[in-house]
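Below is one structure, written out as structure tokens; the observations come after it.
Computed over heavy atoms, backbone and side chain alike; hydrogens, waters and symmetry mates excluded. These numbers come from a predicted model, not from an experiment.
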Amino acid sequence: MAFPTLFSNWSVADGLRLENRLVMAPMTRCFADQDLAPTADSVAYYQARAGAGLIVTEATLIEAEGQGYPRTPGIYDDAQVRAWTQVTDAVHKAGGRIFCQLWHTGRMAHSHYTGTRPMAPSAVGMTGPLPRAQNLSYEEPRAMEAADIERVLTRYEKAARNAAEAGFDGVELHAANGYLVDQFLHQQTNRRTDAYGGTAANRARFALEVLDRLSAAIDPRRVAIRLSPQAYIHLEYSPGDEETFDYLLEQLNTRELAYVHVAAFDGQQRYDYLGGRPIDYVRERYRGTLIGCGGYTPETAERELEARRVDLVAMGRPFIANPDLVERIRSGEPLSAYDESMLGSLQ
Ligand SMILES: Cc1cc2nc3c(=O)[nH]c(=O)nc-3n(C[C@H](O)[C@H](O)[C@H](O)COP(=O)(O)O)c2cc1C
């Protein structure tokens, strides 16, 4: 077989065995219905990709106030839970596994979607046009008060319970790519002077509290986290940010998580302040199951898995271009190239 390690199984937690090491990366597609529930097309889309060892869903809102893109699904109300049940049933019937990626966009939310001013760790806004929207610019966020933090923690907990009820195998906390949790982790966006800012431990507090709420709601071994310590998108690095991630990863080692997933568009890019690639920085600090992502090919995936630099490899764009990606890799068939025009429909 051409890719023996890629096609070997892996257990991320007790009783959760993945048939292969290829993960479908979370990808926002903006095709939910007007009540932000997945549709019959979403069911077919995920079912067609169930050959992945694990699917991570498109980022999914834990509360309506967290929305920053059009038609992104939620998992905070009953209709959404019922709709997601169709997705998880279809994936399970096809022999796959699926985690729900839990999302709040924080300062990237917009009143056009939410009817309310966005909130963030601090009142530090972004400028320019909103992604995937016409004629919308970022709004100035307000700083979250203690009551906001408590409400959001409760919403994460409820979302995890909802995900379990909808039949998901687990949840992945979206703490990457400059959204709410990541905004707490970086100094540019976190200027707080209370228990959630000012020191590395304080900046990591919100992420850890969310994880603890998720772990209280469902089996902790079915809770995962996605991180981007390299601050590569939607916010900027400040000197010393790596101390927050050093601390956070040390704390993650004391918890029994399903995995840590490192987000990147180009996983090979090196960052001086991390001493190289983000994936290697995390591997040196975190002892549990690790997922790498960003520009992998079957060949580079096999090589890194074999060398144990990662335990699982996530691919995103190749899964959009090739619903049958896993079968194609297995049989040596050529892969279709990804093209942005493919985002126009949910095939
Ligand atoms: C259309 C699109 C939507 C994405 N949406 C998400 C998302 O919802 N959550 C997330 O963590 N990453 C998201 N990403 C990033 C991917 O998960 C992944 O990290 C990235 O595409 C690099 O992997 P690839 O080179 O295999 O595509 C998205 C990427 C694309 C192309």
Side-chain angles (χ1 to χ4, degrees), residues 1-13 15-27 29 44-58 90-99 101 169-170 172 224 226 258-270 276-284 286-343 346-347:
M1 194 200 284
F3 302 104
T5 320
L6 192 57
F7 286 104
S8 61
N9 57 53
W10 183 265
S11 292
V12 291
L16 188 68
R17 203 176 93 124
L18 310 184
E19 284 304 314
N20 59 61
R21 310 278 196 99
L22 190 56
V23 176
M24 177 176 164
M27 282 180 293
R29 300 303 313 272
Y45 167 77
Y46 284 114
Q47 183 175 29
R49 290 157 176 84
L54 176 68
I55 292 172
V56 184
T57 66
E58 62 207 279
V91 169
H92 289 149
K93 281 197 185 105
R97 306 279 197 191
I98 182 165
F99 271 40
Q101 192 186 49
D169 296 293
E172 178 183 283
R226 193 171 212 224
Y259 60 79
V260 171
H261 187 174
V262 179
F265 272 83
D266 174 7
Q268 299 306 319
Q269 201 169 324
R270 304 173 70 83
R277 303 186 312 168
I279 190 72
D280 298 323
Y281 163 83
V282 175
R283 186 60 144 183
E284 275 166 29
Y286 180 67
R287 291 192 288 274
T289 293
L290 182 63
I291 307 184
C293 185
Y296 278 91
T297 63
E299 289 76 18
T300 58
E302 177 68 19
R303 213 163 41 232
E304 299 228 345
L305 288 164
E306 224 264 311
R308 302 194 172 191
R309 301 180 81 119
V310 289
D311 301 309
L312 301 166
V313 166
M315 290 191 199
R317 290 163 289 186
F319 263 111
I320 290 182
N322 304 272
D324 54 348
L325 181 63
V326 176
E327 281 320 306
R328 283 193 187 211
I329 296 173
R330 201 192 298 270
S331 63
E333 257 183 87
L335 305 183
S336 301
Y338 169 82
D339 186 298
E340 266 194 15
S341 68
M342 293 172 178
L343 295 180
L346 201 58
Q347 295 297 320

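- Leu54 contributes atom CG, which lies 7.5 Å from atom CG of Leu16 (distance to the nearest 0.5 angstrom).
- Nearest heavy atom pair, residue Val12 against residue Leu312, reads CG1-CD1, 3.9 Å.
- Ile279 CD1 to Leu290 CG: the interatomic distance, rounded to the nearest 0.5 Å, is 4.0 Å.
- Side-chain N or O atoms of Arg49 include none that pairs as donor or acceptor with a backbone N or O of Leu325 at under 3.5 Å.
- Taking OH from Tyr46 and CZ from Phe319, the interatomic distance works out to 12.0 Å, rounded to the nearest 0.5 Å.
- Ring planes of Phe3 and Phe7: tilted class, angle from 30 to 60°.
- Taking CG from Leu343 and CE from Met27, the interatomic distance works out to 9.0 Å, rounded to the nearest 0.5 Å.
- Across Gln269 and Pro278, no two heavy atoms sit closer than the pair O-CD, 3.4 Å.
- Taking every heavy atom of both residues into account, Cys293 and Ala264 meet most closely at O-CB, 3.8 Å.
- In this structure a side-chain-to-backbone donor-acceptor pair under 3.5 Å is present from Arg283 to Arg308.
- Minimum heavy-atom separation, Tyr45 to Gln347: CD1-O, 3.4 Å.
- Arg29 CZ to Glu58 CD: the interatomic distance, rounded to the nearest 0.5 Å, is 8.5 Å.
- Here the side chains of Arg270 and Tyr281 are not in contact, with every heavy-atom distance at 4.5 Å or above.
- For Glu306, the side-chain contact (heavy atoms from CB on, under 4.5 Å) partners two or more places apart in sequence, or in a different chain, are Thr5, Glu302.
- Not a single donor-acceptor pair under 3.5 Å links the side chain of Arg21 to the backbone N or O of Leu305.
- Taking CE from Met315 and CG from Asn322, the interatomic distance works out to 10.0 Å, rounded to the nearest 0.5 Å.
- The heavy-atom pair separating Ala224 from Phe99 by the smallest distance is CB-CE2, 4.2 Å.
- Results of the side chain to side chain contact (heavy atoms under 4.5 Å, CB included) test with Val23 over Val313, Ile55, Ile291 single out Ile291 as the only residue that passes.
- Looking at Asp169, its side chain does come within 3.5 Å of a backbone N or O of Ile98 through a donor-acceptor pair.
- Closest non-hydrogen pair, Pro334 versus Arg328, comes out as O-NH1, 3.0 Å.
- One N or O on the side chain of Ser331 and one on the backbone of Glu327 form a donor-acceptor pair closer than 3.5 Å.
- Between the side chain of Asn20 and the backbone N or O of Leu6 there is no donor-acceptor pair closer than 3.5 Å.
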